[in-house]
Trainee: 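I'd like to ask you about the structure that follows.
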2 protein chains.
Amino acid sequence: MERGERILEAAGELLVAWGYRRVTIDEIARRAQVGKGTVYLHWKTKDALFLAVVLQAKLRSHRAQTARMRVDPLEVLPSRMMSGVYRDFLADPVLRAVYSADTDVLGRFNDIAKKELAELAAYGDQVVRRQLEVLREHGLVRADMDVVQQQYALLATASGFFLTEALLHDRAPHAAEERAHILAHTLRGALETSADPRSGTGTEPAAARTRAAAEAAASEIIPLYERLEELSEQEMRRQLRH
Amino acid sequence: MERGERILEAAGELLVAWGYRRVTIDEIARRAQVGKGTVYLHWKTKDALFLAVVLQAKLRSHRAQTARMRVDPLEVLPSRMMSGVYRDFLADPVLRAVYSADTDVLGRFNDIAKKELAELAAYGDQVVRRQLEVLREHGLVRADMDVVQQQYALLATASGFFLTEALLHDRAPHAAEERAHILAHTLRGALETSADPRSGTGTEPAAARTRAAAEAAASEIIPLYERLEELSEQEMRRQLRH
DNA sequence: CTCATGACCAGATTTCGAAATTGGTCACGA
DNA sequence: TCGTGACCAATTTCGAAATCTGGTCATGAG
């Protein structure tokens, strides 16, 4: 394992275990079996290192997401996509901390990351907006609402599931799988046209038509996320020295 | 204006202006034009006073809600109800602080209130659950999901709109009215059967049938919220001395 | 006698200078 | 050439003194 990867891993582990405030470069170096100076041979500053930790987590999630879309085009549907993102979120403690803005873990790094990654987040917004437009063109997303409003609905609803995760881990439905399903169901009802649960039986031809439309849409949407991956990688490289 | 009301009002104003941490009983007494001891003639402790402030805000919102339900039975629908609650939330700074768990304003009172009002919140959960069951019996809420899951969907979705309110007041759709509408639309699509936006035109007979069902449901649901009001009043009285 | 008041007190919070820690550098040596 | 840890400036932490504040209650006005 590369020195850089070891440092990144150590930083991530310590971040979720101790919280940003308590983690020192000395401790990261010790855990990664390198000298303190070596950390600065790789990253510009402590914040840059933690930014890289966050970007790596997001990048992993983005890659998993595009992989799912390539395997099954229906994954471009908002309900399916967010369900996947939610599962990634639950599985990765770094993502959990970042998406739920966990102050105990992130401390003031919360604001730093938000500010530093604002540009990337803005591009992410653009991608989602374009995705909704494409899906709408293919009849997979309803047109009963402005796209910007739909995007807000998507963001706010998903945020609710992400944030209540931390807040209500007691009286919330137990299995993570179950909550991912509820999220998907909610978004499908709110935004999509396909597999309307209200019409009782889904007919076979309708399902086939939906799949065809999703395949067409996916060919437009996947490149958007590939570009987002590239920008994330670029941003991650920008945190390095030179 | 009664002494007690003046104190309550002063406490609420100072809470949202200065935050729990900075507000002193002395300052509240000064603003309410009473002596410091008089505050303790009315409430047991400082926390009890602020609990009363919060309970008063929630009570006002509950009363407005039942009033809306009495005027228009369709207000018992989750989408309509939460849209109203969201508007109340936006209009009252105390509710904004409480529902968005604003740490800057509430400080450690956040945890105190959550613990102290847990019983009331639990009853509120029961009410919503029963509401969903009744609406389902009258064919106004879909039966494609477990009630507990539907309740989670409702809670998580609404929470998303409440919490992103504070978080994204920049790039969110501008008008409050607009966001309330999007919330309603989302919940309707996720939970309800009526006025399906996907079926293009809403026929007149269907609307009439929906209204009749809502009236029947409202007669069962309104008493639940009246009981919740009573419990809130009771809890508010419990904060008083004697 | 009733009830509002502010002086009063113990405990909590803030202050502030000293001491310790830590992010970041760089001369050294493997 | 490349990794390292001693080193330094700057920030954070510590601790005890000083201040503040929640809560009480003796007092006095009505």
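Just so it is clear: chains get the letters A, B, ... in the order the sequence lines come, proteins before strands, and each one is counted from 1.
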Trainee: Could you state the atom-to-atom distance from OH of A:Tyr20 to P of C:dT22 in whole Å?
Mentor: 13 Å
Trainee: Do NZ/NE/NH1/NH2 and the carboxylate oxygens of B:Glu235 and B:Arg238 come within less than 4.0 Å?
Mentor: yes
Trainee: For the pair A:Thr186 and A:Ile182, evaluate side chain to side chain contact (heavy atoms under 4.5 Å, CB included) and give the outcome as yes or no after the intermediate values.
Mentor: CA-CA 6 Å; A:Thr186 303; A:Ile182 300 172; 4.1 Å; yes
Trainee: Taking only the side-chain heavy atoms of B:Leu41 (C-beta and beyond), determine which of C:dA4, D:dG23, C:dG24 contains the nearest atom.
Mentor: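 Looking only at heavy atoms from C-beta outward on B:Leu41, the closest nucleotide is C:dA4.
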Trainee: Once you build an axis from the first five pairs and another from the last five of the helix from C:dC1-D:dG30 to C:dA30-D:dT1, how far apart in angle are they, to 10 degrees?
Mentor: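 Axis-to-axis angle, ends of the helix: 20°.
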Trainee: Please report, rounded to the nearest Å, how far the P atom of C:dT5 is from the CD1 atom of B:Ile28.
Mentor: 15 Å
Trainee: For A:Arg30, report the nucleic acid contact type (base, sugar-phosphate, nothing); a contact means any heavy atom under 4.0 Å.
Mentor: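 Nothing, no heavy atom under 4.0 Å.
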Trainee: Under the criterion salt bridge (charged side-chain N to carboxylate O under 4.0 Å, His left out), I'd like the reasoning laid out for B:Arg129 against B:Glu133: C-alpha separation, chi angles, the key distance, then a yes or no.
Mentor: CA-CA 6 Å; B:Arg129 186 162 160 279; B:Glu133 283 168 357; 3.5 Å; yes
Trainee: If you only use heavy atoms from C-beta on, which nucleotide in D:dG3, C:dC8, C:dT25 is closest to the side chain of A:Arg241?
Mentor: C:dT25
Trainee: Which nucleotide, D:dG3, D:dA6, C:dT5, lies nearest any side-chain atom of A:Arg3?
Mentor: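 So the side chain of A:Arg3 is nearest to D:dG3.
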Trainee: For A:Arg22, is the CZ atom crowded, meaning more than 12 foreign heavy atoms sit under 6.0 Å from it?
Mentor: no
Trainee: Using 4.0 Å as the upper bound for N to carboxylate O, is an ion pair formed by A:Arg6 and A:Glu9?
Mentor: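 No, A:Glu9 and A:Arg6 are not salt-bridged.
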Trainee: How about A:Glu230 and A:Gln234: does a side-chain donor come under 3.5 Å of a side-chain acceptor?
Mentor: no
Trainee: Roughly, in whole Å, what's the span from CH2 in A:Trp43 to C1' in C:dG23?
Mentor: 16 Å
Trainee: Write down the distance between CD1 (B:Ile7) and C1' (C:dT5), rounded to a whole number of angstrom.
Mentor: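 Between C1' of C:dT5 and CD1 of B:Ile7: 12 Å.
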Trainee: Contact class for A:Arg21 (heavy atom, under 4.0 Å): base, sugar-phosphate, or nothing?
Mentor: sugar-phosphate
Trainee: How is A:Arg22 classified with respect to the nucleic acid when contacts are heavy atoms under 4.0 Å: base, sugar-phosphate, or nothing?
Mentor: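 Answer is nothing: A:Arg22 stays at 4.0 Å or more from every strand.
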Trainee: Nearest to the side chain of A:Tyr40 - C:dG6, C:dT25, C:dA4?
Mentor: C:dT25
Trainee: Between atom CZ in B:Phe50 and atom P in D:dT21, what is the gap in whole Å?
Mentor: 13 Å
Trainee: To the nearest Å, give me how far apart CD (A:Glu27) and C1' (C:dT22) are.
Mentor: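 Result: 13 Å.
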Trainee: Base, sugar-phosphate, or nothing: which does B:Thr24 touch, judged by heavy atoms less than 4.0 Å apart?
Mentor: sugar-phosphate
Trainee: Go through C:dT5, D:dG22, D:dT4 for me and flag the one nearest to the B:Ile25 side chain.
Mentor: D:dG22
Trainee: Look at the side chain of B:Lys46 against the base of D:dG23 and say whether a donor-acceptor pair falls under 3.5 Å; ignore hydrogens and angles.
Mentor: no
Trainee: Side-chain polar contacts of residues 45-67 of chain A - donor-acceptor pairs under 3.5 angstrom, sequence neighbours left out - could you list them?
Mentor:
unit_1  : atom_1 : unit_2   : atom_2 : d
A:Thr45 : OG1    : A:Asp47  : N      : 3.4
A:Thr45 : OG1    : A:Ala48  : N      : 3.0
A:Lys46 : NZ     : A:Val23  : O      : 2.9
A:Asp47 : OD1    : A:Tyr20  : OH     : 2.5
A:Ser61 : OG     : A:Asp88  : OD2    : 3.2
A:His62 : ND1    : A:Lys58  : O      : 3.4
A:Arg63 : NH2    : A:Glu233 : OE2    : 2.6
A:Thr66 : OG1    : A:His62  : O      : 3.4
A:Thr66 : OG1    : A:Arg63  : O      : 3.0
A:Thr66 : OG1    : A:Arg70  : NH2    : 3.4
A:Thr66 : OG1    : A:Glu229 : OE2    : 2.7

Trainee: Within the structure shown, what part of the strands sits under 4.0 Å from A:Val23 by heavy-atom distance: base, sugar-phosphate, or nothing?
Mentor: sugar-phosphate
Trainee: Starting from P on C:dG24, measure out to CD on A:Gln239 and report it in whole angstrom.
Mentor: 13 Å
Trainee: What is the distance from CG of B:Asp26 to P of C:dT5, rounded to the nearest Å?
Mentor: 13 Å
Trainee: Please pick, from C:dA4, D:dA6, D:dG23, the nucleotide with the shortest atom-to-atom distance to any side-chain atom of A:Lys36.
Mentor: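 Comparing C:dA4, D:dA6, D:dG23 against the side chain of A:Lys36, the answer is D:dA6.
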Trainee: Show the nearest heavy-atom pair for residues B:Leu183 and B:Ala158, with the distance to one decimal.
Mentor: CD1-CA, 4.2 Å
